[in-house]
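Here the structure comes first, spelled out in structure tokens, and everything after it is commentary.
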Amino acid sequence: MKSRAFVLFELVIALSILTTVLVFSQQWWLRHQRTQQLQNDVHAAEVMLNAIDRFWLTEQRRPNDLPELINKGYVTELWQPWPEPWQLSYNNGLLRLAIQAPSTNQARALAHHLTGADVSARDELRLHVWQPLPLVLNQRFLQRVADPAHPEYQQMETHLDLNGNAIRNVSRVDADIFNGTSVYADLAEIKQLRSDSTETIELVSDNAIIGGFNVKQLLTEFAALQQSWQQCVASGGCR
């Protein structure tokens, strides 16, 4: 009888140890699965964010919706961590993606591992993509650095409308035709000038025609008349 009781006791101990091992193994496996899923989600999120960045830079615009990334071949599938759809919004160069999370903890767990991500007051996971810097520079500045391999970068394919704004601090302007209401310049070299009204302190010109008269020819004739007058005065015949 004692032998049977001892065997039963050993069996209970063995079952208790086995149960403990199974419980800890299950917890370890669940933690491993959660960690693996988190790593997969982080990787998939980074792939999608990089695809948006490449789309924006290549297409010269932000995507209208996420399926457009698939349609144009930037990704094969979208990262969808939860059933709710992604919501896109844009403001001042920042594209925001928001998706409703089942709980605050799940949203925060992902946001903690994604650069620039945060969680809204409504438990939304929010991701952010800034407008690519090259596009920002192209939009804000007219400055270009000469590239001998690509001379087309220094050429305009359309008219430049400054909407009434001024062009300032220009060292030199080369133009075939200039139409404007006013010009302020310390020095201007002009081959042909047509103007309804011109005010100048000093005007130097090789050939000027005013009112149909050639100014250079008139000055030559005036100089000849002046020389004849002086000769006449010198001979005492003109008074």
Side-chain angles (χ1 to χ4, degrees), residues 5-143 145:
F6 183 75
V7 171
L8 181 59
F9 178 75
E10 287 182 334
L11 182 60
V12 171
I13 295 298
L15 290 175
S16 299
I17 295 174
L18 180 60
T19 300
T20 303
V21 171
L22 289 176
V23 169
F24 279 104
S25 297
Q26 185 182 27
Q27 292 179 350
W28 175 85
W29 177 248
L30 291 176
R31 284 197 301 270
H32 175 73
Q33 283 186 318
R34 285 196 297 267
T35 302
Q36 187 64 41
Q37 183 62 44
L38 179 61
Q39 292 176 350
N40 292 339
D41 284 335
V42 170
H43 176 71
E46 291 175 346
V47 169
M48 187 174 72
L49 293 176
N50 289 335
I52 294 175
D53 191 67
R54 288 187 291 107
F55 180 100
W56 204 336
L57 186 60
T58 304
E59 306 293 334
Q60 303 289 299
R61 63 176 179 86
R62 64 184 185 277
N64 297 320
D65 51 39
L66 293 183
E68 196 171 10
L69 299 176
I70 298 178
N71 297 337
K72 291 189 174 292
Y74 289 90
V75 293
T76 56
E77 61 180 357
L78 297 175
W79 176 55
Q80 191 74 34
W82 304 299
E84 296 297 326
W86 285 101
Q87 302 295 330
L88 275 65
S89 60
Y90 176 79
N91 183 36
N92 198 24
L94 178 63
L95 179 63
R96 173 175 290 166
L97 296 78
I99 186 171
Q100 184 66 49
S103 66
T104 304
N105 291 336
Q106 288 180 277
R108 288 179 177 174
L110 277 174
H112 179 71
H113 291 84
L114 293 173
T115 303
D118 61 14
V119 180
S120 69
R122 297 181 297 176
D123 295 338
E124 292 176 324
L125 173 67
R126 299 187 301 187
L127 310 179
H128 305 90
V129 181
W130 285 100
Q131 184 178 12
L133 183 59
L135 297 186
V136 175
L137 296 178
N138 288 342
Q139 292 177 0
R140 293 184 180 179
F141 300 99
L142 192 62
Q143 179 181 356
V145 177

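Positions are given from 1 along the sequence.
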Gap separating the [atom1] atom of [X] from the [atom2] atom of [Y], nearest 0.5 angstrom:
| X | Y | atom1 | atom2 | answer |
| --- | --- | --- | --- | --- |
| T58 | D53 | OG1 | CG | 9.0 Å |
| L127 | I52 | CG | CD1 | 8.0 Å |
| E68 | L88 | CD | CG | 10.5 Å |
| L66 | E77 | CG | CD | 13.0 Å |
| L78 | L69 | CG | CG | 6.0 Å |
| R54 | E59 | CZ | CD | 11.0 Å |

What verdict does the side chain to side chain contact (heavy atoms under 4.5 Å, CB included) test give for V129 and R62, after you've listed the backbone C-alpha separation in whole Å, the side-chain angles of each residue and the deciding distance to 0.1 Å? CA-CA 10 Å; V129 181; R62 64 184 185 277; over 6 Å; no
Kindly say whether V119 contributes a backbone atom to a donor-acceptor pair with the side chain of R108 at under 3.5 angstrom?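 Checked: no pair found.
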In terms of heavy-atom contacts, does CZ of R126 have more than 12 from other residues, nucleotides or ligands at under 6.0 Å?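 Count over threshold, so yes.
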With a sphere of 6.0 Å drawn around CG of D65, does it hold more than 12 non-hydrogen atoms of other residues, nucleotides or ligands?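 Correct, the count exceeds 12.
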Taking all atoms of both residues into account, what is the closest heavy-atom pair of A101 and A107, and its distance?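 That closest heavy-atom pairing would be CB-CB, 3.6 Å.
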Ring centers of W79, W86 separated by less than 6.0 Å: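 Yes - the distance between ring centres of W79 and W86 falls below the 6.0 Å cut-off.
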Have a look at P81 and tell me which of N40, I99, L38 forms a side chain to side chain contact (heavy atoms under 4.5 Å, CB included) with it.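 So the option named by the test is I99.
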Please determine which of D118, T115, L49, L95 meets the side chain to side chain contact (heavy atoms under 4.5 Å, CB included) test together with H128.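 Of the listed options, the one satisfying the test is D118.
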N50-E46 side chain donor-acceptor pair, cut-off 3.5 Å: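 The answer is no; no qualifying pair exists.
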Ion pair E124/R96, N-O distance below 4.0 Å: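 Here E124 does not pair with R96 in a salt bridge, since their nearest N and O are not under 4.0 Å apart.
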Do Q100 and W82 have side-chain heavy atoms sitting under 4.5 Å apart?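 Side chain of Q100 against side chain of W82, heavy atoms only: no contact under 4.5 Å found.
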